[in-house]
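A short write-up of the structure that comes next.
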Amino acid sequence: MTKFKRTLVTTALPYANGPVHIGHLAGVYVPADIYVRYLRLKGEDVLLIGGSDEHGVPITLKARKEGITPQDVVDKYHAIIKDSFEKFGISFDIYSRTSNKVHYDTASQFFRTLYEKGEFIEKESEQYYDEEAKQFLADRYITGTCPHCHKEGAYGDQCESCGTSLNATDLINPKSTISGSVPRMRKTKHWYLPLDKHEPYLRQWILEGHKEWKSNVYGQCKSWIDQGLQPRAVSRDLDWGVPVPVDGADGKVLYVWFDAPIGYISATRELTDDWEKYWKDPETRLLHFIGKDNIVFHCIVFPSMLKAEGSYNLPDNVPANEFLNLEGDKISTSRNWAVWLHEYLEEFSGQQDVLRYVLTANAPETKDNDFTWKDFQARNNNELVAIFGNFVNRSMVLTDKYYGGKVPSPAEFNDFDRETLGSIEGIVKRTEEALENFKFREAVKEAMNLARLGNKYLADTEPWKLIKTDEARVATIMYVSLQITANLAILTEPFLPFTADKLRNMLNMGGADWSLCGKTEILKPGHIIAEASLLFQKIEDTTIQLQLDKLAASKKANEAEAKTAAPARENVSYDEFTKMDIRTGTILEAEKVAKTKKLLKLKIDTGIDQRTVVSGIAEYFQPEEIIGRQVSILVNLAPRNIKGIDSQGMILMAEDADGRLVFVSPSEKVKNGSEVK
RNA sequence: GCCGAGGUAGCUCAGCUGGUUAGAGCGCAUGAUUCAUAAUCAUGAGGUCGGCGGUUCAAGCCCGCCUCUCGGUACCA
């Protein structure tokens, strides 16, 4: 750390098509905020940069669906997100957005520099074009029948029914969602960033130069680099985003992944004229706080961009976290399985620090973690209330009772006093060390140990007994207790800023100064402290139950939705139907296709012949259990080679709401080759 | 299948380059205590460190095989 004079911390830009939830907070913003607050308290030069990511196709889709403009969508969510962060005390130096003019300028300029340096490859490819709307169609703008499960309404990039990721060109009967017309293939030109060109550098820089990165980050990078990097398109045919700033690029914008990380730079520019010092001076340390889904962008792609540009620093570390689950299930925006920050702020008004604490103590630092309301309650009641809040309250109430709220003059310290005061420094040191290594879970636990120390000190010295016999001794005890309390008011500031602030007010001690941390005469004898009020409140079972009920309702709504059958497809004529030759057949042999997860190779007696069919059912059936089974098979489907095997036909399956596959078979045994009609 | 990250006490997690009886917090039990939001403090119970095999004087840590979870990737006619 000594080689750096200042630090620039960026936080992943939340996508402005919805509000933010506890997963965002736990993985990125709370750890970044803790880190930055700590550095600031130490008087270091540090900036915390954030902003909303406001481009990309999902936002345009959402706008279309709601009949408003993309700008309306991002305005709405940017405001909600920004407000949530502010209220949770995420101390951004700036929280900006990528629809700003500064960002357009910065991103264009960045693109132009790379363009002029010849850092891009130009490639032409064929893509769907909507002739009515006169625009190219992003994958998401195309719907059609899924080539896998044959459900209608699959998107060009993914079928939501079977979950398969698709190429738009694979869709059967593609349709533009913009005009409803049938799109045509048309040539289009795009620019690509040749990541492969940067591979040797990345290999050296990360795999040799940054072995200290977290194992999840390092391993992920190694995996990507070893798999071989491909050129990545940096532009798209779309009208929402930063226009590609070269001639002949009408209707093209920067692809969102290229545009978004430049948002970090734009935001810094917007904040200060001195921005280059933070981005280009090698004595500045660049840190990206992100979730694990962003590792490849921040460790491979963005550094390649910065390297290609030539004048920027590359990140010194990328402390990425894993994911937070909620009550055992993946957090999901679309399924409304989340604790939304704007809702928490209303339902737990004034209790931001409780959530900050729980998310820090249980942060997904090394693996995915689970957030449960029961744990939330327990940590509040047993740790914040019982250990921290209680100790502070005890020392202050006793001081008030015995000394009218005035810090007493200590008599001589005995060994136990000295030992207690002496161990403060160690706690501070261990907290600092954990913080500097991005081990926030450990850091907050260590900070809480200071309150534990206080409770033990009081229990062992028992001033409430001594007050009757040895007043001088009590003065010393209260003095020591108050010094611990004062230390807590500084030490907990990065984690629990609202509480620490309240505590410092109670102690009349002004702003936090980290250099006092570990000192044992922060509050001088005679100093007047204010009246004690409780730092934390107990959370009752009923409050927790309310939250659990809310989640249960969400789950129920999801289930109801899953039960609704998809609407019927477009009518077909009888002739069209009879083109499909479906027969009954019997499975003679079955074996797993090597090196695949889902595929079984089946030999079917169709009554006409014996043929081989590859079927994606291995996740639901063991080969031996289906031999002899009668099935329905589409026998005149054009053959296709899958994993080196010619598959001649398709077994018909019914898919249950949970994705489980079930054979569609005759209810009684019939002759093989019987027609299904 | 391949790549990556994990699998350590009921729960959440530490365990440095392999080295004495494997640790912490919460929960649980018992005792102490009453200044404090029935909070606190002490003590204790509880683990074949995912499984099997190997290297070593010595393995949670190294090697091989297997298994489960999460992520990436291939595959689903």
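Order of the sequence lines fixes the chain letters, A, B, ..., with proteins taken first and strands second; residue numbering starts at 1 for each chain. Model, not experiment: these values are computed from the prediction.
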Where do N or O atoms of nucleotides 40-45 of chain B meet protein N or O atoms at under 3.5 Å, pair by pair?
| residue | atom | partner | partner atom | Å |
| --- | --- | --- | --- | --- |
| B:U40 | O2' | A:R394 | NH1 | 3.1 |

In whole Å, what separates the C1' atom of B:U37 from that of B:G44?
28 Å
B:G15 P sits how many Å from A:K445 NZ, rounded?
10 Å
For the C1' atoms, the ones on B:U55 and on B:G18, what distance do you get once it is rounded to whole angstrom?
12 Å
Have a look at A:Y402 and say if it touches a base, only the backbone sugar-phosphate, or nothing, with a 4.0 Å heavy-atom cut-off.
nothing
Could you check A:L398 against A:K592 and say which one's nearest nucleotide on RNA chain B is further toward the 5' end?
A:K592
More than 12 heavy atoms of other groups within 6.0 Å of A:E433 CD:
no
Return the pairing partner of B:A74 with a 3.5 Å limit on both distances, Watson-Crick or G-U wobble; otherwise return none.
none
Nearest-Å distance for atom pair NZ/P, residues A:K292 and B:G72
8 Å
B:A14 phosphate, OP1 or OP2, under 4.0 Å from A:T366 side-chain N/O
yes
Mapping A:N449 and A:W224 onto RNA chain B by nearest heavy atom, which one lands closer to the 5' end?
A:N449
Once the angle between the rings of A:W373 and A:F376 is folded into 0 to 90°, is it parallel (under 30°), tilted (30 to 60°) or perpendicular (over 60°)?
perpendicular
For B:U43, the Watson-Crick or wobble counterpart (both distances under 3.5 Å)
B:A29
Roughly how many Å apart are B:A22 and B:G47, using the C1' atom of each and rounding to a whole number?
9 Å
For B:G64, which nucleotide in any strand shown is its Watson-Crick or wobble partner with both distances under 3.5 Å?
B:C52
Looking at every strand, decide which applies to A:K465 at a 4.0 Å heavy-atom threshold: base, sugar-phosphate, or nothing.
sugar-phosphate
Now, which nucleotide makes the Watson-Crick or G-U wobble pair with B:A24, with each of the two distances under 3.5 Å?
B:U12
Roughly how many Å apart are B:A29 and B:A45, using the P atom of each and rounding to a whole number?
16 Å
Name all residues meeting the side-chain contact (heavy atoms from CB on, under 4.5 Å) criterion together with A:D460; count only those two or more places apart in sequence or in a different chain, and write none if there are none.
A:F416, A:K456
Would you tell me if any nitrogen or oxygen in the side chain of A:K643 comes within less than 4.0 Å of OP1 or OP2 on B:G1?
no
Over 12 non-hydrogen atoms of neighbours within 6.0 angstrom of CD in A:E531:
no
For atom P, what is the distance between B:C68 and B:G60, given to the nearest Å?
24 Å
Separation of the P atoms in B:U21 and B:U12, to the nearest angstrom:
29 Å
Identity of whatever pairs with B:A5 - Watson-Crick or G-U, under 3.5 angstrom
B:U69
Using a cut-off of 4.0 Å on non-hydrogen atoms, how would the nucleic acid contact of A:I225 be classed: base, sugar-phosphate, or nothing?
nothing
On the 0 to 90° scale, with breaks at 30° and 60°, tag the A:F663-A:F621 ring pair as parallel, tilted or perpendicular.
tilted
For the residue pair A:I477 and A:W464, establish whether any side-chain heavy-atom pair is separated by less than 4.5 Å.
no
Can you measure A:K367 atom NZ to B:C70 atom P for me and round it to whole angstrom units?
13 Å
Does a sphere of radius 6.0 Å around CD in A:E327 hold more than 12 heavy atoms from other residues, nucleotides or ligands, not counting ones at 6.0 Å or beyond?
yes
Just checking A:K214: base, sugar-phosphate only, or nothing, at a heavy-atom cut-off of under 4.0 Å?
nothing
Watson-Crick or G-U counterpart of B:C57, or none if no pair lies under 3.5 Å
B:G19
For A:L534, report the nucleic acid contact type (base, sugar-phosphate, nothing); a contact means any heavy atom under 4.0 Å.
base
Taking only the side-chain heavy atoms of A:W464 (C-beta and beyond), determine which of B:U33, B:A14, B:U12 contains the nearest atom.
B:U33
What does B:A36 pair with, Watson-Crick or G-U, if both distances are under 3.5 Å?
none
Are any of A:S215's side-chain N or O atoms less than 4.0 Å away from OP1 or OP2 of B:G4?
no
Residue A:K677 excluded, over 12 heavy atoms near NZ under 6.0 Å
no
Which whole number of Å gives the distance between the C1' atom of B:A9 and that of B:G19?
23 Å
To the nearest Å, give me how far apart CG (A:D370) and P (B:U69) are.
16 Å
To the nearest 0.5 angstrom, please state how far the CD atom of A:Q351 sits from the CD atom of A:Q537.
5.5 Å
Starting the side chain at C-beta, find the nucleotide from B:C70, B:C76, B:U37 nearest to A:D368.
B:C70
Let me know the distance between CD1 of A:I295 and C1' of B:G4, rounded to the nearest Å.
9 Å
Under 4.0 Å, counting only non-hydrogen atoms across every strand here, what does A:V614 touch: a base, just sugar-phosphate, or nothing?
sugar-phosphate
Distance, rounded to the nearest Å, where A:R430 contributes CZ and B:A14 contributes C1':
14 Å
Could you tell me the separation between the CG atom of A:N362 and the C1' atom of B:A24, rounded to a whole number of Å?
15 Å
Would you mind classifying the nucleic acid contact of A:S615 as base, sugar-phosphate or nothing, using non-hydrogen atoms under 4.0 angstrom?
sugar-phosphate
What is the distance, rounded to the nearest whole Å, between atom CG of A:L458 and atom P of B:C35?
12 Å
Describe the nucleic acid contact of A:K597 in one word from base, sugar-phosphate, nothing, applying a heavy-atom distance below 4.0 Å.
base
Between B:G10 and B:U67, how far apart are the C1' atoms? Round to whole Å, please.
23 Å
Kindly say if A:K439 contacts the phosphate of B:C16, meaning a side-chain N or O under 4.0 Å from OP1 or OP2.
no
Is the closest side-chain heavy-atom distance between A:E383 and A:F388 below 4.5 Å?
no
Looking at A:Y218, is A:K211 sitting on its ring face, NZ or CZ under 6.0 Å from the six-membered ring centre and within 45 degrees of the normal?
no
